[in-house]
2 protein chains.
Amino acid sequence: MPRAAKHQRGAKLRSAAFSRIRSDHQSELAEDYVELIADLIDERGEARGTDVAMRLGVANATVVKTLKRLQDAGLVTQEPYRAIFLTGEGWKMAEDGRRKHRIVEGFLLALGVSEETARIDSEGIEHHVSEETLRAMARFLARNGR
Amino acid sequence: MPRAAKHQRGAKLRSAAFSRIRSDHQSELAEDYVELIADLIDERGEARGTDVAMRLGVANATVVKTLKRLQDAGLVTQEPYRAIFLTGEGWKMAEDGRRKHRIVEGFLLALGVSEETARIDSEGIEHHVSEETLRAMARFLARNGR
DNA sequence: CAATAGATTTAGCCAATGCTAAACTTTCTG
DNA sequence: CAGAAAGTTTAGCATTGGCTAAATCTATTG
């Protein structure tokens, strides 16, 4: 038996937490898209592919391809050459993302970081906070927040 | 001109923050790998591919392929069929990740979340906190921490 | 109402990250 | 020390998410 087998104790216990990080990348992207689409609809009445591409900083063709997947996933609907709409499920996901975003951003501000940093960091963090942590942040916000 | 062109104001201002999220995925993976390898070396004297695969919850072949990229990036060294080592740069990245990890995990605990949640959430959050937010967390920890 | 500009889609490419199955090394053990 | 078990690598495939260039559609406007 090879050498590594002599220390095999308790290794798979931690794999759950790690693999979560990895496979969640796809749903993060989906959340970013639907959140942005929801914002665009609210801000300007409709979401166009070009606007999504510009705000995400990717090429138009990339948006088209990703929207096709989101459509298959039942999050958005779109007719060729027309604006993008969210399904019920899409709106739910967008609202959930916005809620997390609001809590995390407000929390960071209450912690004392700059607005710029709060905005940027909350974009990254929002996809990785559990409900328990969100509750803790909301609690903190209720006491120290503004 | 198509209809969408009538509201083009100020769209690209926000793209920087968004694109950061997207392209950072690769370095996140690299950080996870080197951090885990550092932990394995410290815990058991050496890091073997199988251990990395198990803890990350991926197949052996995936680890081999990723390690090849990390080797090209100058973060690890490895002879075929032998254990994995970190380069100086690899150690630096690992140490930096561990430092962030410690701060974030300790901070979450001080915020009042469970150990389990603090462990899991900090894995996800550590890649998305700026130095400014880390300082704010450390400050909080110094006052309320344990 | 035809031309054109801008938006959108298609086609085809690439790299990263995952997998399984098969081949090959290393190490332990009888 | 030969065989078997475990670890490691190779080969080949799929998906995701990115790009550019070319083709196509829509809508404005002269």
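Proteins get letters first, then strands, A, B, ... in listed order; numbering begins at 1 in each.
- Between A/Gln78 and the phosphate of C/dT9, there is a side-chain N or O to OP1/OP2 separation shorter than 4.0 Å.
- Of the listed nucleotides (C/dT9, D/dT8, D/dG12), D/dT8 has the atom at the smallest distance from the side chain of B/Asn60.
- Between the B/Thr87 side chain and the B/Leu75 main chain, a donor and an acceptor come within less than 3.5 Å of each other.
- An OP1 or OP2 oxygen of C/dC19 is reached within less than 4.0 angstrom by a side-chain nitrogen or oxygen of B/Thr62.
- Listed pair B/Thr50 / D/dG7 fails the phosphate criterion, with no side-chain N or O lying under 4.0 Å from OP1 or OP2.
- Listed here is the closest heavy atom pair of B/Ala110 and B/Asn144: CB-O, 4.4 Å.
- Going from atom OH of B/Tyr81 over to atom P of D/dA6 covers 17 Å, rounded to whole Å.
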List the steps and the verdict of side chain to side chain donor-acceptor pair (under 3.5 Å) for B/Glu132 and A/Ser114.
CA-CA 8 Å; B/Glu132 183 185 347; A/Ser114 70; 3.3 Å; yes

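- For the pair A/Leu29 CG and C/dT17 P, the computed distance is 15 Å after rounding to whole Å.
- A side chain to side chain donor-acceptor pair (under 3.5 Å) with B/Glu31 holds for exactly one of B/Gln26, B/Lys100, B/His127; it is B/His127.
- The side chain of B/Ala61 lies closest to C/dT20 when the candidates are C/dT26, D/dT9, C/dT20.
- The backbone N or O of A/Ala47 lies less than 3.5 Å from no partner atom in the side chain of A/Asp51, so there is not a single donor-acceptor pair.
- Taking only side-chain atoms of A/Val58, from C-beta outward, the nucleotide of D/dG18, C/dG18, D/dT20 with the closest atom is D/dG18.
- Comparing B/Gly49 and B/Lys65 by the nucleotide of DNA chain D whose heavy atom lies nearest to each, the residue mapping closer to the 5' end is B/Gly49.
- Listed pair A/Arg48 / C/dA7 fails the phosphate criterion, with no side-chain N or O lying under 4.0 Å from OP1 or OP2.
- Rounding to whole angstrom units, CD of residue A/Gln26 and P of C/dA16 are separated by 17 Å.
- Across the protein-nucleic acid pair, A/Leu67 atom CG and D/dG17 atom C1' stand 13 Å apart, rounded to whole Å.
- Taking side-chain N and O atoms only, B/Lys68 has a distance below 4.0 Å to OP1 or OP2 of D/dT10.
- D/dG18 atom C1' lies 9 Å from atom OH of A/Tyr33, rounded to whole Å.
- Distances shown here put a side-chain N or O of B/Arg69 below 4.0 Å from the OP1 or OP2 atom of C/dT17.
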